[in-house]
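Model, not experiment: these values are computed from the prediction. Ligands are counted one by one from 1 in listed order, and the atoms in each one are counted from 1 as well.
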Amino acid sequence: MEGNVSRTNLLDLDLKGLEDLAVGMGFRPFHGRNLFKWIHKHGVVDFESMTDLSKALRRHLREEAEICVPRLIDEQPSADGTRKWVMELGDGQRVETVFIPEGRRTTVCVSSQVGCSLDCSFCATAGQGFNRNLSVGEIVGQVWHAARGLGEAPTNVVMMGMGEPLANFDAVVTAMGIMQDDLAYMLSKYRVTLSTSGIVPNIYRLREVSDVSLAVSLHAPDNALRDRLVPINRRYPLEQLLPACKAFIEGDKRRRITWEYVMIDGVNDSIAHAKRLVRLLEGIPSKVNLIPFNPFPGSDYRTSLPEQVEAFRQRVLRSGIVAVTRKTRGREIAAACGQLVGRVLDRSRRTVPLQSSIVRVAAS
Ligand code: SAH
């Protein structure tokens, strides 16, 4: 498995990629399909156990390919059933994945980058700086682990772990495609949710290539406040973000945008903010998810009082917009929203990747 850089990691390939690989080795597309099922449906990563593949194909695979899953190095259970998994990647970086059971629903919260290149002031991942994008295999590998741990595929995936998924566009789209594939994890478009801080050009691009559900980290009802909390707003302000979100769900009456709104005491949680929020979302099928701020070391913000969160929620509800307060899960193991840190080696690369991903988007 080690030492040969030219080997293809099969976890990086979707169904089409594996079919092409099989053909490239002189075999048939259905061999690729079988391989895909072995890896994702049955969780088998050892070619010798793939008994319906011919000996000749297995030899090719041994020589030219590998199946490299992130190494699960730590599991921290929380009293409420939430579990945080620490995954170590080939280069020693670590990311965190959170598993959240709730009745019959099992949700996996998946990371898309080592650290994050955005700099949201209320998020612990931001303080980690940024190192690199995760590969397809490193993203889908988190779901692979969840399925192994559970004995079956999780019912929901949220791209809400470390990183900004739309800044790692291609890998995230391919990984989500594998999650949705009937031969792999079989998740419907309503059960895979991508959360973004609002990289507007990539919201339009996503609509062209994927039908997953969209959540947007809004956190403020006006540009002045959002510029402070979610700095990417300075590049893509609300007057660009909202039309992009509207366009994303256009044509599908069952769809709506989930707006995430972290409730920070005295910052964005007044009734006046709620009223402005309602006005802002007028005409967009919406669900508002209120997330009481989760504290982390080094942060000065405080969590809104529960009665303040409830008053805010009632004000939004009164206008006919669904609003729910997200239950805080796994806070004592630092697995709650905004608390994931992993281990980012060489954190100095904050600005470069964001710039380059945006330049690339603008050029495409
Ligand atoms: N970068 C993407 C994916 C992260 S999703 C995005 O911004 O959407 C994680 C969610 O938790 C986001 O809505 C994020 O804004 C929110 N969050 C971050 N820090 C938080 C904190 N300390 N308390 C509560 N929610 C937080």
Show the distances, to 0.1 Å, for all pairs joining an N/O atom of ligand 1 and a protein N/O atom that are shorter than 3.5 Å, listing one pair per line.
{"from": "ligand 1", "atom 1": "1 (N)", "to": "Gly163", "atom 2": "O", "distance (Å)": "3.0"}
{"from": "ligand 1", "atom 1": "1 (N)", "to": "Glu164", "atom 2": "OE1", "distance (Å)": "3.3"}
{"from": "ligand 1", "atom 1": "7 (O)", "to": "Ser217", "atom 2": "OG", "distance (Å)": "3.2"}
{"from": "ligand 1", "atom 1": "8 (O)", "to": "Ser195", "atom 2": "OG", "distance (Å)": "2.6"}
{"from": "ligand 1", "atom 1": "8 (O)", "to": "Thr196", "atom 2": "N", "distance (Å)": "3.4"}
{"from": "ligand 1", "atom 1": "8 (O)", "to": "Ser217", "atom 2": "OG", "distance (Å)": "2.6"}
{"from": "ligand 1", "atom 1": "13 (O)", "to": "Ser217", "atom 2": "OG", "distance (Å)": "2.7"}
{"from": "ligand 1", "atom 1": "13 (O)", "to": "Glu260", "atom 2": "OE2", "distance (Å)": "3.1"}
{"from": "ligand 1", "atom 1": "15 (O)", "to": "His219", "atom 2": "NE2", "distance (Å)": "2.6"}
{"from": "ligand 1", "atom 1": "19 (N)", "to": "Phe122", "atom 2": "O", "distance (Å)": "3.3"}
{"from": "ligand 1", "atom 1": "22 (N)", "to": "Phe122", "atom 2": "O", "distance (Å)": "2.8"}
{"from": "ligand 1", "atom 1": "22 (N)", "to": "Asn294", "atom 2": "O", "distance (Å)": "2.9"}
{"from": "ligand 1", "atom 1": "23 (N)", "to": "Asn294", "atom 2": "N", "distance (Å)": "2.8"}
{"from": "ligand 1", "atom 1": "23 (N)", "to": "Cys337", "atom 2": "O", "distance (Å)": "3.3"}

Residue pairs, two or more places apart or on separate chains, that pass salt bridge (charged side-chain N to carboxylate O under 4.0 Å, His left out) and touch residues 88-98:
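Of all non-adjacent pairs touching residues 88-98, those that pass salt bridge (charged side-chain N to carboxylate O under 4.0 Å, His left out) are Arg71-Glu88, Lys84-Glu96, Glu88-Arg94, Glu88-Arg343, Asp91-Arg132.
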
Linking Ile, Leu, Val, Met, Phe, Trp and Tyr by side-chain heavy atoms under 4.5 Å, what else ends up with Val86?
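Its cluster partners, ordered by chain and number, are Ile73.
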
Is the backbone of Ile284 close enough, under 3.5 Å, to the side chain of Ser286 for a donor and an acceptor to pair up by distance?
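Indeed, once roles are kept as given, a pair shorter than 3.5 Å links the two residues.
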
Glu332 (side chain) donor-acceptor with Ala79 (main chain) under 3.5 angstrom:
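It does hold such a pair.
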
Glu164 and Ser112: side chain donor to acceptor below 3.5 Å
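Their side chains do not contain a donor-acceptor pair, so the 3.5 Å distance test is not met.
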
Let me check something: any side-chain donor-acceptor pairs from residues 306-317 under 3.5 Å, sequence neighbours excluded? List them with distances.
{"from": "Gln308", "atom 1": "NE2", "to": "Asp269", "atom 2": "O", "distance (Å)": "2.8"}
{"from": "Glu310", "atom 1": "OE1", "to": "Arg313", "atom 2": "NE", "distance (Å)": "3.0"}
{"from": "Glu310", "atom 1": "OE2", "to": "Arg313", "atom 2": "NH2", "distance (Å)": "3.2"}
{"from": "Glu310", "atom 1": "OE2", "to": "Gln314", "atom 2": "NE2", "distance (Å)": "2.7"}
{"from": "Arg313", "atom 1": "NH1", "to": "Ala323", "atom 2": "O", "distance (Å)": "3.0"}

